[in-house]
Amino acid sequence: MRVRRLHDWPATVPEARAVQEELRGLVDLAGPGPEEPELVAGVDVGYSPEDDRLVAAVVVLRAGTLDVVEEVAVSGRVRFPYVPGLFAFRELPTLVEALERLTVTPDLLVCDGYGLAHPYRFGLACHLGILTDLPTIGVGKTAFVGACEPPGPERGAWSAITDGGETIGRALRTRRDTKPVHVSQGHRISLSNACRQVLELAPRYRIPEPIRQADRLSRRDI
DNA sequence: GCGACAG
DNA sequence: ATCTTGTCGC
């Protein structure tokens with residue numbers, strides 16, 4: 001699929017912040033996003049324990065059956081330090097290469113990490129949404145910014161993640177008695193639809209299937 | 001000022 | 001992210 005080249009990859013913190021400030025105004029939070037997506041892609045990155053290599057993985061699933069339609073893994077090198085809030089600049093360059101090698105265009109992109117629920121309201125999922133112009137969802141495994149009450153114990157229970165009075169995401173229980181995931185909007189999808197999609201994509205495990213598959217692939221090829 | 005901070 | 005053993009539960 002085609003990915004827009006809106007900027008060069010920044011090498012420094014100030015450059016990266018400038019890119020975020022420039023692109024954050026382009027984010028579409030109105031959605032509503034696809035009602036019944038046909039193809040859903042998951043993206044994740046795995047890191048080498050011994051050097052600076054990383055593997056970006058994209059797995060496309062048929063939404064109805066969760067069957068794998070296409071897989072792409074691309075290896076690269078870390079070119080940006082881990083700075084909370086600028087996490088996307090580590091993974092995006094190689095992730096974009098992997099997406100460009102996709103022969104199909106997904107209807108929805110599920111990202112490992114945050115979208116709106118981000119210190120500058122522009123996490124990896126928002127950034128990837130702008131570059132691909134696809135609806136994107138951010139799914140985080142741990143809390144980052146904002147606060148929320150613990151949702152009820154049942155699958156499907158959720159509570160709002162708020163920060164300074166504004167709602168930036170939801171803690172969503174995808175599996176009974178299991179730690180919730182943190183869902184936030186990336187681009188071109190509403191928060192309620194994002195949660196509905198995440199729930200449908202995680203019928204069995206805590207982590208939505210597209211991300212689980214991408215995670216497996218990124219570790220296998222490192 | 002200090003610590004905490006997606007992966 | 002990654003380094004790590006056992007353990008509890010389906």
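FYI, side chains are in, hydrogens and waters are out, and symmetry mates aren't considered; it's all heavy atoms of this structure. Each chain gets a letter, A, B and so on, in the order its sequence line appears, and its residues count up from 1.
- You'll find a donor-acceptor pair under 3.5 Å spanning the side chain of A:H118 and the base of B:dA6, going by distance alone.
- Remark: nothing in residues 208-222 of chain A comes within less than 4.0 Å of DNA chain B through any heavy atom.
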Report the C-alpha distance between A:L109 and A:V43 in whole Å, list the side-chain angles of each, state the deciding distance to 0.1 Å, and finish with yes or no for side chain to side chain contact (heavy atoms under 4.5 Å, CB included).
CA-CA 8 Å; A:L109 212 50; A:V43 298; 4.3 Å; yes

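- Scanning both residues, A:I130 and A:R4, for their nearest heavy atoms gives O-NH2, 3.0 Å.
- Between A:F87 atom CZ and B:dG7 atom P the separation is 7 Å, expressed in whole Å.
- Residue-level contact check: A:G138 touches neither bases nor backbone, having no heavy atom under 4.0 Å from any strand.
- Rounded to whole Å, atom P of C:dA1 lies 9 Å from atom CD of A:E91.
- Within residues 46-54 of chain A, the residues having any heavy atom closer than 4.0 Å to DNA chain C are, in order of number, A:Y47, A:P49.
- Using a 4.5 Å heavy-atom cutoff, the side chains of A:R212 and A:Y205 are in contact.
- Rounded to an integer number of Å, the gap from CD1 of A:I168 to C1' of B:dA6 is 12 Å.
- Tested against A:C195, the residues A:N193, A:V198, A:L199, A:L191 include a single side chain to side chain contact (heavy atoms under 4.5 Å, CB included) partner, A:L191.
- One finds no salt bridge joining A:R173 and A:E154 here, because no Lys/Arg side-chain nitrogen approaches an Asp/Glu carboxylate oxygen to under 4.0 Å.
- For the pair A:Y120 OH and B:dA6 C1', the interatomic distance rounds to 13 Å; values are reported in whole Å.
- Taking the side chain as every heavy atom from C-beta outward, A:K141 and A:D112 approach each other to under 4.5 Å.
- A:Y82 qualifies as a stacking partner of the B:dG7 base, centre to centre under 5.5 Å and near-parallel within 30°.
- Checked by atom type, the side-chain pair A:E70/A:T103 shows a donor-acceptor distance below 3.5 Å.
- Two residues are said to be in side-chain contact when any heavy atoms from C-beta on lie closer than 4.5 Å; A:T174 and A:P208 fail this criterion.
- The two residues A:R206 and A:R175 come nearest to each other via the heavy atoms N-CD, 4.3 Å.
- In this structure, A:G140 reaches the sugar-phosphate backbone alone: every heavy-atom distance under 4.0 Å involves primed, P, OP1 or OP2 atoms, never a base.
- At a threshold of 4.5 Å between non-hydrogen side-chain atoms, the residues A:V55 and A:V74 do not count as touching.
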Can you pull every protein N or O that's under 3.5 Å from an N or O on nucleotides 7-10 of chain C?
none

For A:D28 and A:R188, what are the C-alpha separation, side-chain angles and deciding distance, and is it a salt bridge (Lys or Arg N to Asp or Glu O under 4.0 Å)?
CA-CA 5 Å; A:D28 171 9; A:R188 293 181 53 190; 5.0 Å; no

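- Interatomic distance, CG of A:L23 versus NE2 of A:H7, reported as 5.0 Å (0.5 Å rounding).
- Using a 4.5 Å heavy-atom cutoff, the side chains of A:P150 and A:S159 are not in contact.
- Distance check, rounded to the nearest 0.5 Å: CD of A:E15 to CG of A:L86 gives 11.5 Å.
- Side-chain contact between A:V78 and A:Y47: present, with at least one pair of heavy atoms (C-beta onward) separated by less than 4.5 Å.
- Base pairing in DNA chain B yields no stem of at least 3 consecutive Watson-Crick or G-U pairs with both distances under 3.5 Å.
- A:V104 and A:L66 are not part of a single hydrophobic cluster, where members link through side-chain heavy atoms under 4.5 Å apart.
- With contacts defined as side-chain heavy-atom distances shorter than 4.5 Å, the pair A:R121/A:D163 qualifies.
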According to the Watson-Crick and G-U wobble definition with distances under 3.5 Å, which dot-bracket string, read 5' to 3', encodes DNA chain C, using [ ] for crossing pairs and | for pairs with another strand?
..........

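- Applying a 4.0 Å cut-off to non-hydrogen atoms, the residues of residues 143-164 of chain A that approach DNA chain B are A:A143, A:F144, listed by residue number.
- A:M1 places a side-chain heavy atom less than 4.5 Å from the side chain of A:P106.
- Atom-to-atom, NZ of A:K141 to P of B:dC5 comes out at 16 Å; the value is rounded to the nearest Å.
- The aromatic ring centres of A:H127 and A:F89 sit less than 6.0 Å apart.
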